[in-house]
Amino acid sequence: MREDVEALDIRDVTANWVNAEVLARQIEERIKALADLSHTPLFFGRLDYLHAPGADRAEGAEGERPRPEAAYRTLHIGRRHVHDADGDPMVIDWRAPVSQPFYRASKKDPMDVALRRRFGYTGGDLTAYEDEHLSDPAEAATTSKLLQQEIERPRVGPMRDIVATIQPEQDEIVRSDLSGSLCVQGGPGTGKTAVGLHRVAYLLYAHRERLSRTGTLVIGPNRSFLHYIEQVLPALGELEVKQATVDDLVAHVEVRGTDEAAAAVVKGDARMAEVLRRAVRSHVTLPTEPVMVVRGSRRWRVPAYELEDIVKELLDRDIRYGAARDALPQRIAHAVLVQMERSGEAPDDRVQDAVARNTAVKAAVKAIWPPVDPAKLVLRLLADADFLAEHARGVLTDDEQKTILWAKPARSVRTAKWSAADAVLIDEATDLVQRTHSLGHVVLDEAQDLSPMQYRAVGRRCSTGSATVLGDLAQGTTPWATRSWQEALAHLGKAEAHIEELTAGFRVPTDVITYASRLLPHIAPGLTPVASVRENPGFFDVRPAEDDTRVIAACEELLRHEGSVGLIAADARVPALAEALTAAGIGYLAPGEETTYETRLTLVPASLAKGLEYDYVVLDEPRAVVDGEPDERTGLRRLYVALTRAVSGLIVTHAAPLPPQLA
């Protein structure tokens, strides 16, 4: 298929060089999408239907006619559609409706499937297969061994897709309609991140034309996390999905400072949106002088009271500041045109545009509705106590206002030491002035750690589209962490979103998740504990470690196994452990760096562990992880995250007593 595209001759098929460039780029992107992935098999399953699937079940992406595979009873299911030289299908895209029974068919509901075959691969080579005769009442339902092996396979390198192991409850979320927003609450190892990424792939398949116009975006908590997941969508043939952090979205200024926790909480509070709205609108001044427009030998006078009515009407409409400012000269010009018509003239639109550009009109607009620089506005709010008090009256308390005021006000936007929370405020102010561009679909992962103002920033990016929100309330580790999904979705502007909960754990071993779940009553008492479905209970041990040599010995022990190893420690402990690893001659990586078979150990500060996973984990000094946070509850949540990063085994080492919540 790739060679066919490469062989296309487009020299004489376009009308001009612009069309030729566009077509050449489209062909180049198609060739990239058809690249060979040596360790990623094109097909992983087969369905034998009792009857040839009907055209209604074989309909493809949005606006397409029924595909040729409707005529086949035996279908191979894979990561993308593959056809032979004659155009006949060899592999059916996993996202096609006709592929859905591969994930959802069961002995109770075979969905017209006689046989489901799963293929097992090692390094891209076919090594096994397994059959289920779904329509044979004599054959008992069994647990798929290949499925279990795939789930428990060691993790080396970046996150991989789960397209061969999607479970029925996950598939239902993946294939949810584009028009509705969705929130997925899932504990560690329930596959919520993978579900979100596969949902993007499915939506791009089902609504390709619409989303190619409006765009899609995956938002993660940090760069390490985005690097970890970046290969999933390309492996499914989707190359155009953008990835970013919330900080990337609001990067209007350079962030060089940090906030105390108390200040960050106030700045992240949704009430700041009202403070900013008042501050922006305060720039509008009601007119006290008329506007005199001179055209040729005639003068047209718009009295102050009429100008005031125009300004009040624009304010009452509550449209964006910049849009209202653009509309004001046209409104003034229209008032002049009404006078012209009353005097017997017949002005047209060109005259109105000319009046709107008149010097007197421009001067009046500048005085009444001056331009606003969002960064300068936020700078003044944080530096000028009187200006903040004027617009925060009745919204923020006096103490809250003092908390966010800068001790040493900056002289300019360029020299200010902006914090990440300040950048979000500037983004809010920017949207009050000019509408933010909205995308067709946004996936927001690790959402539990966002502040209300950050939710608003993300919501602006999908105000006319939909969202998939992924997270776990038990893993919220910021002082402003989400208390409930209903509250978070309201800030996002998606209060009507449906909330799903995933409770089956596929990643974390039974013994490990059972131990970590001891913390749930203290950090998220309303959540259902994750129930591991893995057959292998995993390796788990808690060991005293009087010094760092015992920690290093635990790492060396786990490195003798196949797969990746993570050494997770409180941030303050990382330098000492790095020194001990170097002294022991053990190479290690930082989070986000890709593991190799030569260097499989990653030294992970607890603050960066969220969203990452390793085959084996050594968790150093749980008490230090808890004590490294501003309060105990946040510390216990950070510990819960660190405890649940292991796929196959966990060793907990400690010199200080363990937190009593783990007893």
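If you read the sequence from its start, that first residue is 1, and numbering goes on from there. Computed from heavy atoms alone, side chains included, the values below leave out hydrogens, waters and symmetry copies.
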>> With a 4.5 Å cut-off on side-chain heavy atoms, are K242 and V218 touching?
In response: no
> How would you list, by chain and number, every residue that makes a side-chain contact (heavy atoms from CB on, under 4.5 Å) with T514, sequence neighbours excluded?
Replying inline: T510
>> I'd like to know if the side chain of H441 pairs up with that of S466 as donor and acceptor (distance under 3.5 Å, no hydrogens or angles considered).
In response: yes
> Passes salt bridge (Lys or Arg N to Asp or Glu O under 4.0 Å), R223 versus D248? Steps please.
Replying inline: CA-CA 10 Å; R223 283 278 150 206; D248 294 333; 2.3 Å; yes
>> Donor-acceptor check, side chain of Y640 to backbone of G476, threshold 3.5 angstrom: yes or no?
In response: no
> Is there a donor-acceptor pair closer than 3.5 Å between any side-chain N or O of K610 and the backbone N or O of Q475?
Replying inline: yes
> Can you name the nearest heavy-atom pair linking L612 to P591, along with the distance?
Replying inline: CD1-CB, 4.1 Å
>> Can you confirm if the aromatic rings of Y515 and F540 lie within a centre distance of less than 6.0 Å?
In response: yes
>> Determine whether K417 and D422 satisfy the following criterion, side-chain contact (heavy atoms from CB on, under 4.5 Å), listing intermediate values before the conclusion.
In response: CA-CA 9 Å; K417 288 190 175 181; D422 297 334; over 6 Å; no
>> I need the minimum non-hydrogen distance between L382 and I404, along with the two atoms involved.
In response: CD2-O, 3.6 Å
>> Taking R573 first and then D548, would you say they form a salt bridge - that is, a charged N and a carboxylate O separated by under 4.0 Å?
In response: yes
> Is the closest side-chain donor-acceptor distance between S564 and R600 under 3.5 Å?
Replying inline: no
>> I'd like to know if the side chain of T634 and the backbone of P630 have a donor-acceptor N/O pair within less than 3.5 Å.
In response: no
>> With a 4.5 Å cut-off on side-chain heavy atoms, are I162 and H198 touching?
In response: yes
> Does any donor atom in the side chain of T477 or R638 lie under 3.5 Å from an acceptor atom in the other side chain?
Replying inline: yes
>> Can you confirm whether more than 12 heavy atoms, excluding those of E556, are under 6.0 Å from its CD atom?
In response: yes
>> Given 3.5 Å as the limit, does a donor-acceptor pair link the side chain of E428 with the main chain of L425, or not?
In response: no
>> Under the criterion side-chain contact (heavy atoms from CB on, under 4.5 Å), I'd like the reasoning laid out for I173 against V184: C-alpha separation, chi angles, the key distance, then a yes or no.
In response: CA-CA 8 Å; I173 295 172; V184 182; 3.9 Å; yes
>> Using side-chain heavy atoms (C-beta onward) and a distance below 4.5 Å, is C462 in contact with L439?
In response: no
> Can you tell me how far CG of L636 sits from CD of E629, rounded to the nearest 0.5 angstrom?
Replying inline: 10.0 Å
>> Which heavy atom of L249 sits nearest to which heavy atom of R461, and what is that distance?
In response: O-NH2, 2.9 Å
> When rounded to the nearest 0.5 angstrom, what distance separates CG in L601 from OH in Y614?
Replying inline: 9.5 Å
> Are there more than 12 heavy atoms of other residues, nucleotides or ligands under 6.0 Å from atom CD of E487?
Replying inline: yes
> Is it true that D627 and R623 make a salt bridge, defined as a side-chain N closer than 4.0 Å to a carboxylate O?
Replying inline: yes
> Would you say T478's side chain and D449's backbone share a donor-acceptor pair under 3.5 angstrom?
Replying inline: yes
> At what distance, to the nearest 0.5 angstrom, does CD1 of I651 lie from CZ of R550?
Replying inline: 10.5 Å
> Could R507 and E613 be called an ion pair, given the rule that one side-chain N must be under 4.0 Å from one carboxylate O?
Replying inline: yes
> Below 4.0 angstrom, N of the basic side chain to O of the carboxylate: do R460 and D427 qualify?
Replying inline: yes
> Backbone N or O of F44 within a donor-acceptor pair of the R118 side chain at under 3.5 Å?
Replying inline: no
>> Test your reading of the model: is there a side-chain donor-acceptor pair from S176 to the backbone of E172, 3.5 Å cut-off?
In response: yes
> Can you check whether E632 reaches Q661 side chain to side chain, under 4.5 Å on heavy atoms?
Replying inline: yes
>> Apply side-chain contact (heavy atoms from CB on, under 4.5 Å) to residues S181 and T468 and explain how you reach the verdict.
In response: CA-CA 6 Å; S181 291; T468 300; over 6 Å; no
> Are any of the side-chain heavy atoms of L577 and L567 separated by less than 4.5 Å?
Replying inline: yes
> Which atom names give the shortest non-hydrogen contact between D472 and G187, and what distance separates them?
Replying inline: OD2-CA, 3.5 Å
>> Side chains of H561 and S648 only: does a donor on one sit below 3.5 Å from an acceptor on the other?
In response: no
> If you take all heavy atoms of T653 and P622, which pair is closest and at what distance?
Replying inline: O-CD, 3.6 Å
>> Pairing donors with acceptors under 3.5 angstrom, does anything connect the side chains of Q448 and E446?
In response: yes
> Any chance the rings of W418 and H252 have centres within less than 6.0 Å?
Replying inline: no
> So how far is it from D445 CG to T245 OG1, rounded to the nearest 0.5 Å?
Replying inline: 13.0 Å
> How about V443 and L197: do any of their side-chain heavy atoms sit closer than 4.5 Å?
Replying inline: no
>> How close do K494 and G465 get, counting heavy atoms only, and between which atoms?
In response: NZ-O, 2.6 Å
> Tell me, do L643 and V512 make a side-chain contact under 4.5 Å, heavy atoms counted?
Replying inline: no
> Any sub-3.5 Å donor-acceptor pair from D259's side-chain atoms to A261's backbone N or O?
Replying inline: no
> More than 12 non-hydrogen atoms from neighbouring residues, nucleotides or ligands closer than 6.0 Å to CZ on R543, yes or no?
Replying inline: yes
> Does any non-hydrogen side-chain atom of V246 lie less than 4.5 Å from one of Y455?
Replying inline: no
> To the nearest 0.5 Å, what is the distance between CD (E500) and NZ (K192)?
Replying inline: 14.5 Å
> Do S517 side-chain atoms and P529 backbone N/O form a donor-acceptor pair below 3.5 Å?
Replying inline: no
> Is it true that E400 and R271 make a salt bridge, defined as a side-chain N closer than 4.0 Å to a carboxylate O?
Replying inline: yes
>> Please determine whether side-chain contact (heavy atoms from CB on, under 4.5 Å) holds for the pair E501 and W485, giving the CA-CA distance in whole Å, both sets of side-chain angles, and the decisive distance to 0.1 Å.
In response: CA-CA 11 Å; E501 187 171 8; W485 289 124; over 6 Å; no
> To the nearest 0.5 Å, how far apart are CD1 in I586 and CG in L559?
Replying inline: 6.5 Å
>> Using a 3.5 Å distance criterion without hydrogens, assess whether the side chain of D571 forms a donor-acceptor pair with backbone atoms of A606.
In response: yes
